[in-house]
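To find a chain, count down the sequence lines: A is the first, B the second, and so on, and within it residues start at 1.
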Protein chains: 2
Amino acid sequence: MQTELPAETETPDRGRAASRKATEAKILEAAEGVFAERGFSGTTTAGIAEAAGLPKANVHYYFGTKQALYRAVLDNILDLWLAPMAEFTEDADPALALTSYIKTKMWYSKNRPNASKVFANEVLHGAPQITDYLSDHLRQTVEDKSAVLRSWIDQGRIAPVDPVHLLFVIWAATQTYADFDIQVATVLGKQSLDESDFAAAEATVIQMVLATCGLT
Amino acid sequence: MQTELPAETETPDRGRAASRKATEAKILEAAEGVFAERGFSGTTTAGIAEAAGLPKANVHYYFGTKQALYRAVLDNILDLWLAPMAEFTEDADPALALTSYIKTKMWYSKNRPNASKVFANEVLHGAPQITDYLSDHLRQTVEDKSAVLRSWIDQGRIAPVDPVHLLFVIWAATQTYADFDIQVATVLGKQSLDESDFAAAEATVIQMVLATCGLT
DNA sequence: GTCTATAGCGCGATAGAC
DNA sequence: GTCTATCGCGCTATAGAC
């Protein structure tokens, strides 16, 4: 707009490259929201374009196909899923690690509900795009972290519990407040969930997991 | 096939009426499976027809629109959701009632995964078709049953816990084994979940809920 | 890089023969 | 009641002017 030839080489954070990145980010964010709301098939590229404030053709210019854009959205999300499990290390305090993990997962449910919903939708329909991720990264991480939990049990630091199913239940219990927020809110008689609802949910899940592990 | 005028009035379980009912049931079952696998938008009436072994036009003949068929599938499912909560009555034994409820919910996850998936998909995308059900029947039932749980707490029969969030977590923990079965199976290194997986899941959820309620 | 216009096609729904 | 053939819309994707 201002200049026809932005000083690319001098200020690499501005100019064309930055503009492209900014537009891509805008499309990705809009796409995550629309995919979360309507699923892959229910989403139209026109809907994404409208949410991003762009003409439809630009979405295809930046990402090629709807599939490719969906994959890009998913790839961003998968990173968020594994990272918080780093909490679990042999020498961590079990009560602290479990509490911290649940708080992190609940933070994502509250602040990145669309990421959770896109992931849930993908898994619900057979996880066709992320089978590799599930069977490689996620499976390996669960194996490693459940070994840590098992060592805590063997050392008598937490009560005996199936480590893998404990993780599944923690995922389910925290993600349900993002994925099924409408149901939770409606049953609570509200339009949407607020701070206090997430606080109560978090307290309940922490209470349940600590009680299970004999840490109360 | 055999007769042009089946004795409708004499044998109401055979003849045209029964044939219609049988065809409707066949379509409903096929539709539940396809909707579970692909979601509403991802489902084609041709796909349902193929799964039911019928030409596409017949699906429209029996149910009119894809929407109406989807509603019929949902209506069948909603009945299954409320019934098991009848377990919770003032004079029931808390440990037995909670255990029995979790077993029933887990039984549905194992034996009616498609029902769970269709419901999950509907809620995930804003529950546009079942808002009334959520705000009327389900909300009222949760109110009634959480009052029972609260009375158990007041009587010192179970430990203090938020009754409504306890229900949310039980729903999430049990339904996740239907809705996210692919993820669970993949992380466990299997093609699909078997008896022993559901048994381990059930034991873990029961252990967690009883520990939370101070019933161990 | 941005946008308008449109090609091409898959889908829901229906007409009409049987 | 069953089925084939088809209509017409809405969608993904692209061509081509700017």
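Within 4.0 Å (heavy atoms only), A:Y62 reaches sugar-phosphate atoms of the nucleic acid but no base atom. Residue A:T65 is in sugar-phosphate contact alone, with no base atom involved, counting any heavy-atom pair closer than 4.0 Å across all strands shown.
A heavy-atom distance below 4.5 Å is found between the side chains of B:V118 and B:Y70.
Under a 3.5 Å cut-off, the side chain of B:T174 and the backbone N or O of B:W171 do form a donor-acceptor pair. The backbone N or O of B:F88 lies less than 3.5 Å from a partner atom in the side chain of B:K145, making a donor-acceptor pair. In this structure, B:D179 contributes its side chain and B:T176 its backbone to no donor-acceptor pair below 3.5 Å. Between the side chain of B:K117 and the backbone N or O of A:H125, no donor-acceptor pair lies under 3.5 Å. Side-chain atoms of A:N111 come within 3.5 Å of backbone atoms of A:W107 as a donor-acceptor pair (strictly under, hydrogens ignored). Between the A:N58 side chain and the A:Y61 main chain, no donor and acceptor come within less than 3.5 Å of each other. Between the side chain of A:D136 and the main chain of A:Y133, no donor-acceptor pair closer than 3.5 Å is present. With A:S146 contributing its side chain and A:E143 its backbone, the two residues share a donor-acceptor pair below 3.5 Å.
Less than 4.0 Å separates DNA chain D from at least one heavy atom of each of the following residues of residues 43-50 of chain A: A:T43, A:T44, A:T45. At a non-hydrogen distance threshold of 4.0 Å, nothing from residues 25-37 of chain B comes into contact with DNA chain C.
Between B:H60 and the phosphate of C:dT14, there is no side-chain N or O to OP1/OP2 separation shorter than 4.0 Å.
Atom NZ of B:K66 is separated from atom C1' of C:dA13 by 12 Å (rounded to the nearest Å). Between the C1' atom of C:dT2 and the CZ atom of A:R20 lies a distance of 12 Å, rounded to the nearest Å.
Contact check on B:E32 versus B:R112 returns a salt bridge, with a Lys/Arg side-chain nitrogen under 4.0 Å from an Asp/Glu carboxylate oxygen.
Cation-pi check for A:K110 over A:Y177 is not met; the charged atom does not lie both under 6.0 angstrom from the ring centroid and within 45 degrees of its normal.
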Protein heavy-atom contacts under 4.0 Å, written 5' to 3' over nucleotides 3-9 of chain C as B (base), S (sugar-phosphate only) or - (none), form the string BB-----

